[in-house]
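Inspection log for the structure reproduced underneath, given as structure tokens.
Naming convention: chains lettered A, B, ... in sequence-line order (proteins, then strands); numbering from 1 in each chain.
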Amino acid sequence: MPEIESHDVDVVVIGAGGAGLRAAIEAKARGLRVALVCKSLLGKAHTVMAEGGAAAALGNVYPEDNWQVHFRDTMRGGKMLNNWRMAQLHAQEAPDRIRELEEWGALFDRTKDGLILQRDFGGHRYARLAHIGDRTGLELIRTLQQKAVADGVEVFMELKVLRLLHDDSGAVAGLVGYWRPSGSFVSFTTKAVVLATGGVGKSWKYTSNSWESTGDGHAMAVWAGADMIDMEAVQFHPTGMVWPLSVRGILVTEGVRGDGGVLRNAEGRRFMFDYIPPMFAAETADSEEEADKWYADHSAGRRPPELLPRDEVARSINSEVKAGRGSPHGGVFLDIASRRSAEDIRRRLPSMYHQFKELAGVDITVEAMEVGPTCHYIMGGVRVDADTTATTVPGLFAAGEVAGGMHGSNRLGGNSLSDLLVFGRRAGMGAADYVEGRSGSASVDRAAMEEVVRAATAPFERESGENPYDVQHDLQETMQSLVGIIRTGSELEEAMGKLEELEERAANVAVAGGPQYNPGWNLATDLPSMLTVSRCTTQGAIHRTESRGGHTRDDYPAPDAELGKVNFVQRVPAGGARSGGAVGTPSIRSITITPEPLPVMPDELQALFDEEAH
Amino acid sequence: MADDTTTPRADGGAGGAGGAGGAGERTVTMRLWRGDASGGDFVDYVLPAVEGEVVLDVVHRVQADLAPDLACRWNCKAGKCGSCSTEINGEPRLMCMTRMDTLPPDEVVTVAPMKTFPVLRDLVTDVSYNYEVAKRIPPFNPRPKTDDEVAAGGYRMQQIDVERSQEFRKCIECYLCQDVCHVIRDHEENKTAYAGPRFFARSAELEMHPLDATDRRELLQEEQGLNKCNITKCCTEVCPEHIKITDNAIIPLKERVVDARYDPVAWLGRKILRRTKGTAAEAAATAPAHGPAAVQPEVEVTGTPGPQHR
Ligand SMILES: Cc1cc2nc3c(=O)[nH]c(=O)nc-3n(C[C@H](O)[C@H](O)[C@H](O)COP(=O)(O)OP(=O)(O)OC[C@H]3O[C@@H](n4cnc5c(N)ncnc54)[C@H](O)[C@@H]3O)c2cc1C
Ligand code: SF4
Ligand code: SF4
Ligand code: FES
């Protein structure tokens, strides 16, 4: 058994994206010993890639904006599946969280009055996104990183956490992981853990997410016995790059369509006119002439069908490709070159111009882009208490993309960055309150720890076995083709079968080389998380027999009012992974799924929606 | 298998390389440094050429097909996180932003770890030096809000005043500038008393930040080795964010330090001057800053610059 380095702290925050950094700052401010742990170097987490901005009803551009309007936009965007209390806290607190960043050194773009400038985004009634050009995520992460370092948060970077450990009472009291550079093992005993591990996109073939998005936090929560909700709710952004290989999945901003870009199939047809659903027919143009008038003057015509909601557009692209009218590399064409002057394009879409020029060798002022749906964000996640971010397992808290509820079945652009700040802070407070109210020191079972280490090093012991990259590849193919943007019962069942095969294959991978900075081994230790999350998403998708937000069922194309009142809750039954610090390989095949009613919105908030109906 | 009958083409431009089409499979040869702190060597990997790839894609294919334990860092694959810094054909560059078809076609592509930092394994280096320097930079220290700002709910700053610092905040911390700077690249012993271009840019950002109230000049000169930089501009040349590190950060810092060394009044004068230049409207907007409430915080920090940093 290799040596296990050990640490003892009050709070471990797993994840150094926006949510984790904000949580660590808050817990540290309470005078606790805080360890911030992340898989990559500090400052490289996925949050750094966010571009557009952070949504907050500051009212700097439209004074009539306020939290109630933001709240309503968020709930409607999520098709009312959101946890109302989270959406309320988010809308109420986001402005203070943004202003606080400024006090910590962030430099947002300014209005003429010298205040924080805000920009328009889909689904937001008013210009609401605080931003810095198109690099808002970088500003956010750097500001928080510098603040955390200045405050003395202890950072453990390039350390991958494998598993959470329980004490005898069933509370989370520790964890085990390894340093990626050396491959040596580390354990923490801690009074509380905050999960802030981000998303899951890496289980799909085409994704805007980085290698880190393997759903480790989601999986660790499942294994620890926590409740998960809405895991079927995955957002596919309609326009990711599809070609060349180097950029497959990278995002193409909706702004291209907002600024006049249109979608065409291989025959050059603006196919979106063929896909206008009855529900939106009244507000959508039915001819190119009418649609084209709208850009210059919104009252001269109805909206172009290219600007239908994300799920509609993604579905239509999918149908065109399936019908054999796609572009050479399996997407469709997004054409702005024939519609706007080169000068206009460069001025309004500088980063897109640069992205295609440098990465694809495509001049978007001359040629059309090839685009297709890309896996972007998971709305589902760990079930939390809105005020404290406490999960259903004592001592375990969750914030950011890993937590479920805030965004319902579909997230609005810009609402993630503000979510990270609002609930990152609340997670730090929730964990600190819990630690202060807890007596005694944390302790975990040494044998449990050793079992995790043994399982992690097993791939080195196997003489022969599969290459983990092959298993990952097949998983991505499976999720992409069977649990993608459009789902259907038979394919989801087929996916479940394939996942079981993949689980067996993953248990038998072998890796070459030693433990020091070995990506093959690192991937082998990511596979259990990816498989657990994929299973949750697939199982959730099978049970949600309706189409809602990010979840689309070909065989149940309409929303079902009854299903709109429930969360699908998944958990490993108690007595499994959770009891007495036992670990082993928790049987994810025993995950159960049950519909449970959504929290009921109080009348005064419900009234915001009723008013609108009149 | 490195039988590269190199037929250098006149153009190194886009569209040259790549494309498995035509007669016979085209291949690429990647010469990657393999090893660790105790030593290592270059190893050649030959793969089929695939159209449109960047260096990082080919390195990933080496991992998936030929050497699963090959170590490299990356995250965003879009030039936004600064993880994938290496030396490609001898030049400090991001692997994810270097297209294969911009490199000389039919020639071996050499990828080595950054030379200035100790090797951990293969293409991955120990960049902790940079994180240590970052810890020693005195944190952002904002002046208090004026009454008007408290009422408005946030600081007032004009776009023109924030733009100078915004340039430096584009930094993705790739440390390529640190890698190329000869002061530490060729002189390990300098590392203890040299912050390097990335952190000169960070100090410049804070010096020019409209709200920051700390005087950083003595520290820059005495502990961060600003005087050791001899303005070769190599750092500016390699910056993937095109930050003008030398012209916009280092030279202005040197001027501040040399001109008015330890002269708090001159330093304060420059801050105020900067804050009030601009259009008449802006001058009006910042006018309250001359009132007692706002001047006070700036005066406070002009006392003794030294002790505040320790
Ligand atoms: C291209 C792109 C653009 C976007 N633009 C916007 C936008 O404009 N506005 C907006 O609101 N949202 C945007 N989003 C969404 C938003 O960026 C993410 O949802 C958000 O950054 C997630 O933050 P997080 O703090 O939850 O996690 P992340 O930033 O993903 O960080 C996760 C952290 O957890 C760590 N971690 C994970 N597993 C482990 C483990 N096992 N052990 C140790 N550490 C671990 C990682 O190392 C990392 O530090 C965008 C997303 C993408 C992909
Ligand atoms: S200009 Fe100065 S900081 Fe930049 S590389 Fe040259 S010596 Fe180093
Ligand atoms: S200043 Fe430029 S080269 Fe230096 S670390 Fe920042 S982005 Fe990289
Ligand atoms: S991977 Fe992020 S900069 Fe290259």
Residue-level interface, residues 117-128 of chain B with chain A, non-hydrogen cut-off under 4.5 Å:
B:Leu120, B:Arg121, B:Val124, B:Val127
Can you tell me how far the CE atom of B:Met157 sits from the OG1 atom of A:Thr111, to the nearest 0.5 Å?
11.0 Å
Heavy-atom pairs under 4.5 Å with chain B are the metric here; pick the option from A:Arg110, A:Met49, A:Glu139, A:Gln355 that has the most.
A:Arg110
Could you tell me which residues satisfy salt bridge (Lys or Arg N to Asp or Glu O under 4.0 Å) with A:Asp96, sequence neighbours excluded, listed by chain and number?
A:Arg99
Looking only at heavy atoms, the pair that brings B:Gln158 and A:Asp113 closest together is NE2-C, 4.1 Å
Looking at A:Asn518 and B:Pro68, what are the two nearest heavy atoms and their distance?
OD1-O, 3.7 Å
If you count heavy-atom pairs within less than 4.5 Å of chain A, which of B:Ala152, B:Gly82, B:Ala134 leads?
B:Gly82
Taking 4.0 angstrom as the limit, do A:Lys44 and B:Glu173 come out as a salt bridge?
no
Salt-bridged, A:Glu358 to B:Arg99, with N to O below 4.0 Å?
no
At a heavy-atom distance under 4.5 Å, which candidate from A:Asp109, A:Asp470, A:Asn60 has the highest pair count against chain B?
A:Asp109
If you count heavy-atom pairs under 4.5 Å with chain B, which of A:Gln472, A:Arg180, A:Glu158, A:His473 comes out on top?
A:Glu158
With only heavy atoms counted, which part of A:Trp521 is less than 4.5 Å from chain B, the side chain, the backbone, both or neither?
neither
Between A:Lys202 and chain B, which part of the residue has a heavy atom less than 4.5 Å away: side chain, backbone, both or neither?
side chain
Find the one option among A:Leu359, A:Asn522, A:Ile250 whose heavy-atom pairs under 4.5 Å with chain B are most numerous.
A:Leu359
What verdict does the side-chain contact (heavy atoms from CB on, under 4.5 Å) test give for B:Tyr155 and A:Glu103, after you've listed the backbone C-alpha separation in whole Å, the side-chain angles of each residue and the deciding distance to 0.1 Å?
CA-CA 8 Å; B:Tyr155 286 106; A:Glu103 284 159 26; 3.7 Å; yes
Evaluate side-chain contact (heavy atoms from CB on, under 4.5 Å) for B:Arg169 paired with A:Arg135, printing each intermediate quantity in order.
CA-CA 10 Å; B:Arg169 290 186 72 82; A:Arg135 53 169 195 86; 3.9 Å; yes
Between A:Lys112 and chain B, with a heavy-atom cut-off of 4.5 Å, which part of the residue counts as in contact: side chain, backbone, both or neither?
backbone
By a 4.5 Å heavy-atom criterion (distance strictly below it), what part of B:Leu56 contacts chain A: side chain, backbone, both, or neither?
neither
Counting heavy-atom pairs under 4.5 angstrom with chain B, the leader among A:Pro468, A:Gly520, A:Pro181, A:Ser210 is A:Ser210
Give me the atom names and distance for the closest heavy-atom approach of A:Ser40 to B:Asn75.
OG-ND2, 3.1 Å
Should B:Asp69 and A:Gln516 be marked as a side-chain hydrogen bond (donor to acceptor under 3.5 Å, both in side chains) after you check the CA-CA gap, both sets of side-chain angles, and the distance that decides it?
CA-CA 9 Å; B:Asp69 62 335; A:Gln516 294 96 359; over 6 Å; no
Heavy-atom count check: over 12 atoms from other residues, nucleotides or ligands less than 6.0 Å from A:Tyr62 OH?
no
Heavy-atom cut-off 4.5 Å, strictly under: side chain, backbone, both or neither for A:Gln146 against chain B?
side chain
Quick one: what part of A:Gln145 sits under 4.5 Å from any heavy atom of chain B, side chain, backbone, both or neither?
side chain
Which atoms of A:Val149 come close to chain B, meaning under 4.5 Å heavy atom to heavy atom: side chain ones, backbone ones, both, or neither?
side chain
Quick check for you: to the nearest 0.5 Å, what is the distance between B:Cys76 atom SG and A:Trp211 atom CH2?
13.0 Å
Can you name the residues that form a ring-ring contact (aromatic ring centres under 6.0 Å, His included) with A:His376, not counting sequence neighbours?
A:His237
Which atom names give the shortest non-hydrogen contact between B:Cys72 and A:Tyr517, and what distance separates them?
O-CE2, 4.1 Å
I would like to know whether B:Tyr131 and A:Met157 meet side-chain contact (heavy atoms from CB on, under 4.5 Å); could you show each step before the answer?
CA-CA 11 Å; B:Tyr131 287 92; A:Met157 47 182 132; 3.5 Å; yes
Picking from A:Trp243, A:Tyr469, A:Phe108, A:Trp104, which has the most non-hydrogen pairs under 4.5 angstrom with chain B?
A:Tyr469
Contact winner vs chain A - B:Lys80, B:Arg73, B:Lys135, B:Lys170, heavy-atom pairs under 4.5 Å:
B:Arg73
CG of A:Leu107 to CZ of B:Phe140: how many Å apart, nearest 0.5 Å?
7.0 Å
Checking heavy atoms, do the side chain of A:Leu42, its backbone, both or neither come under 4.5 Å from chain B?
both
Cut-off 4.5 Å, heavy atoms of chain B, and the answer for A:Thr143 is both
For B:Glu163, what residues pass the salt bridge (Lys or Arg N to Asp or Glu O under 4.0 Å) criterion, not counting sequence neighbours?
none
Closest approach of B:Cys81 and A:Val48, non-hydrogen atoms and distance?
CB-CG1, 3.7 Å
Begin with the C-alpha distance, continue with both residues' side-chain angles, and end with the deciding distance and a verdict on side-chain contact (heavy atoms from CB on, under 4.5 Å) for A:Ile132 and B:Gln166.
CA-CA 9 Å; A:Ile132 301 92; B:Gln166 279 184 334; 3.9 Å; yes
Closest heavy-atom pair and its distance - A:Ala150, B:Pro139
CB-CB, 3.7 Å
